[in-house]
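What you see is a predicted model, and the numbers here were worked out from it, not measured in a lab. The sequence lines fix the lettering, A, B, ..., with proteins before strands; numbering per chain opens at 1.
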There are 2 protein chains.
Amino acid sequence: MKATIKDIAKRTNLSVATVSRILNNKTGFYSEKSAVKVHQAAKDLGYQKNTNAVELVTQSSKVVAVIISSAKTNFADQIIDGIQEVALSKGLNVIFLYAGEDDADIQYKALVTAIERSVMGIVMVAVELNGHNLDYLQQSQIPYIMLSTPHSPKGSVYITTDNYQLGYRATEFLIEKGHEKIALVGNDLSDIGTDRLRGYKDALEQHNLSFNPDFIVTGNFTYEDGVLAVNQLCQAKPQVTALIGGSDMTAIGMINQARDLGLAVPDNLSVMSLDGTKLTKIYRPSITSTVQPFNEIGKRGMQQLISEKSGPHQSQLMTFNIYEGESTRKI
Amino acid sequence: MKATIKDIAKRTNLSVATVSRILNNKTGFYSEKSAVKVHQAAKDLGYQKNTNAVELVTQSSKVVAVIISSAKTNFADQIIDGIQEVALSKGLNVIFLYAGEDDADIQYKALVTAIERSVMGIVMVAVELNGHNLDYLQQSQIPYIMLSTPHSPKGSVYITTDNYQLGYRATEFLIEKGHEKIALVGNDLSDIGTDRLRGYKDALEQHNLSFNPDFIVTGNFTYEDGVLAVNQLCQAKPQVTALIGGSDMTAIGMINQARDLGLAVPDNLSVMSLDGTKLTKIYRPSITSTVQPFNEIGKRGMQQLISEKSGPHQSQLMTFNIYEGESTRKI
DNA sequence: CTGAAAGCGCTTACAG
DNA sequence: CTGAAAGCGCTTACAG
């Protein structure tokens, strides 16, 4: 049987009210003598606060729920770290829930778990909510924010790397290296993919290069997408001289498959990625990449979510750097 | 203001008791007519159950907390997936908490969060609890289990890959390829590292090879450990012909550094890893590795934790396969 | 400085 | 089939 403040009260001949005050350090509302007794009793009894009761009566919670899409979470670690850093410094607790990839039911379950606990806020990481689940989330009245979100739903605040710029600058980087036939691979049809494609197109146009739709191979940011795209684009006669992968995994899939086809990177083919997690640094050849500020996204997301001045928050598009690895070359 | 069952009761002219029964499908305790009214009202009001209240009154919880060490979690994904699979099929909720690497304070905070919520069970993934925190956990009376645990504390149930066998079989694999000078790199001084070392030594002895303490370079399963070890072991004149890394990251660090020193893998040096996550498959050369059954560890851990027949559970040592990649060769 | 009391939202014997 | 009542563990005005 777990000890309660009632047990402590009995043991110390104080009221539960006083015990409660002491345990919560409501300084000025108790004598030092009582405090000593209470703390001793609490220790003796192995007292554990019951958070359910506390939250029930105070109608508030000190926990933030983070819902993470389980699949394309190559970069989730960094976002998680950023979130944790902020939570730690603010004395908040964070619980993480995994929502399967695009599985509306599992997503819903994760939302229910968070919402029924009346968490103080919800962070969605890389998850795409369908209409029903979004309604449910909004109707819960719980503040939320979306990080690296595939779509930018109206009325939701989100923070994500500027996908248009990701596409634009990666393409421009390659153009400046002399490439003219550049493929864009593995991006999906969400805002992420389409924004990147717009950037890609604009960069070409800006540099007076023509757009060839055959060089666009959509996908889902997977390793397999990279493999298939290389087969498709480089099998017969390599038509392209450079490839941009939608994720690090896609880029690695491309490089591996190119190698299997007898094409060397970067000698025969230059490859870039649009994520830039540590995978790009430990792989060989190291992979030239736009480096998304995932850690910073996590930090800002958390800060923004919990900042009290709830003047309507602004969505943010983050900037980024480009890391030049060994996977690209001048031609 | 969030709607409560009281609001529903008022609106439907029923008592909260009846509303509660209907919402919980206590079949037989209410009329269909009332049920319809209640469900309609709940919907109209956007009713959300308050889990805090439910858990407070029922003194029970349907959530399992998983506490994960944040650092060496190259393999945590697979364990998490395994845990989720089981949770989903049993209708349980799982919340994840990250405990910093060997940071007793953060660990403690994670424990507090879980324990004060009276979760139904706690799974520890790759975390090393210090004495104080272990006491705290045990005293909470909440069932727990440790997965891939560095140490095997007395009185705790744990599931981990058989580290002795990991060391033994990897070493034997290399011996059978003709290697006699084999280094063991990046393992720590916990049970994990020492068990592996025992296996390594026994394999040598079994095959009449002498043990050279210079070939043991301890560490913390990091990429850097691999880099440093290769510098130390291969810089002057390569004394070893094969290296076993304590983790995939260590193995990759070794391969990269060997390459930087002008040593080709596997031509000049064979390299193995003792984890075997997907990293070993996507890296080039693909890395020969013992493949720990992380997913299965997650599944079993969860199953065992929640299985009611609480006859004292047994700790388990899991077996594994060896994946032969391109990073090793016969000499 | 302390206590009695109300109440957070819910469940569940008990009585009808 | 339904309701009144007690109670889960805690906090906090209110009164002293």
Side-chain angles (χ1 to χ4, degrees), chain A residues 1-39 41-42 45-63 112 115-120 140-142, chain B residues 1-39 41-42 45-63 112 115-120 140-142:
Chain A
M1 214 49 241
K2 291 182 80 170
T4 69
I5 57 171
K6 227 183 270 178
D7 299 316
I8 298 180
K10 209 171 298 169
R11 203 178 229 252
T12 55
N13 289 316
L14 289 164
S15 69
V16 294
T18 299
V19 172
S20 171
R21 292 188 189 105
I22 291 171
L23 258 18
N24 288 294
N25 291 311
K26 303 274 186 213
T27 327
F29 288 91
Y30 56 83
S31 67
E32 191 49 37
K33 207 194 310 178
S34 299
V36 171
K37 285 199 299 182
V38 165
H39 285 124
L45 295 166
Y47 171 73
Q48 280 308 141
K49 165 166 36 181
N50 182 320
T51 305
N52 282 326
V54 175
E55 291 188 358
L56 179 58
V57 62
T58 62
Q59 302 278 64
S60 76
S61 160
K62 279 213 160 295
V63 357
V112 170
I115 291 172
E116 289 188 345
R117 262 166 207 288
S118 317
V119 294
M120 66 177 288
S140 79
Q141 314 265 46
I142 296 177
Chain B
M1 212 47 242
K2 290 183 79 170
T4 69
I5 57 171
K6 227 184 267 180
D7 299 316
I8 298 179
K10 210 172 298 169
R11 203 178 230 252
T12 55
N13 289 315
L14 288 163
S15 69
V16 295
T18 299
V19 172
S20 170
R21 292 188 188 107
I22 291 172
L23 258 18
N24 288 295
N25 292 310
K26 303 274 187 212
T27 327
F29 289 92
Y30 55 82
S31 66
E32 192 48 36
K33 208 195 307 179
S34 300
V36 171
K37 286 199 300 184
V38 165
H39 284 124
L45 295 167
Y47 171 74
Q48 280 309 141
K49 163 166 38 181
N50 182 321
T51 305
N52 282 327
V54 174
E55 291 187 359
L56 179 58
V57 60
T58 62
Q59 301 277 64
S60 76
S61 159
K62 279 214 159 294
V63 357
V112 170
I115 291 172
E116 289 189 344
R117 267 170 203 284
S118 317
V119 295
M120 66 177 288
S140 79
Q141 313 264 46
I142 295 177

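The side chain of B:Thr4 approaches C:dC10 more closely than any other nucleotide in the set D:dC10, C:dC10, D:dG3. Closest to the side chain of B:Lys26, from the set C:dC8, C:dT12, C:dC10, is C:dT12. In the set C:dG3, D:dG3, D:dG9, the nucleotide with an atom closest to the side chain of A:Leu14 is C:dG3. The listed nucleotides are C:dG9, C:dT11, D:dC10; the one nearest the side chain of A:Ala53 is D:dC10. Closest to the A:Val57 side chain, of the nucleotides C:dG7, C:dG9, C:dT11, is C:dG7. Closest approach to the A:Leu56 side chain among C:dG9, C:dA4, D:dA4 is made by C:dG9 (side chain taken as heavy atoms from C-beta onward). Considering only side-chain atoms of A:Thr58, the nucleotide from D:dT11, D:dC14, D:dG9 that sits closest is D:dT11. When distances run from any side-chain atom of A:Thr18 to the nucleotides C:dG3, D:dG3, C:dT11, the shortest one goes to C:dG3.
C:dT12 and C:dG16 have their C1' atoms separated by 16 Å, with the value rounded to a whole Å. Atom P of D:dT2 sits at a distance of 23 Å from the matching atom of D:dA6, rounded to the whole Å.
Between B:Tyr47 and B:Leu23, the closest side-chain pair of non-hydrogen atoms falls below 4.5 Å.
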Worksheet, complete the sentence: Under the rule of Watson-Crick or G-U wobble with both distances under 3.5 Å, where | means paired to another strand and [ ] a crossing pair, DNA chain D maps to |||.||||||||.|||
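Atoms CZ (A:Arg21) and P (D:dT11) sit 11 Å apart, rounded to a whole Å. With rounding to whole Å, A:Ile22 atom CD1 is found 7 Å from C:dT2 atom P.
Judged by distance alone, with hydrogens and angles left aside, the side-chain atoms of B:Asn25 form no donor-acceptor pair with the main-chain N or O of B:Thr27 at under 3.5 Å. Judged by distance alone, the side chain of A:Thr12 and the main-chain N or O of A:Val38 form no donor-acceptor pair under 3.5 Å.
Within residues 31-39 of chain A, the residues that place at least one heavy atom under 4.0 Å from DNA chain C are, in residue-number order, A:Ser31, A:Ser34.
Each of B:Phe29 and A:Lys6 was assigned the nucleotide of DNA chain D with the nearest heavy atom; the assignment lying further toward the 5' end belongs to B:Phe29.
A:Asn13 comes within contact range of the sugar-phosphate backbone alone, with a heavy-atom separation under 4.0 Å but no base atom that close. Residue contacts shown for A:Asn52 are absent, as no nucleic acid heavy atom lies under 4.0 Å away.
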Discussion item. The test is side-chain contact (heavy atoms from CB on, under 4.5 Å); show your working for B:Ile142 and A:Gln48 and say whether it passes.
Written reply: CA-CA 12 Å; B:Ile142 295 177; A:Gln48 280 308 141; over 6 Å; no
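Between B:Phe29 and B:Arg21, the shortest heavy-atom contact is CB-CD, 3.6 Å.
Looking at A:Thr18, A:Asn24, A:Ile22 one by one, the single match for side-chain contact (heavy atoms from CB on, under 4.5 Å) with A:Ser20 turns out to be A:Asn24.
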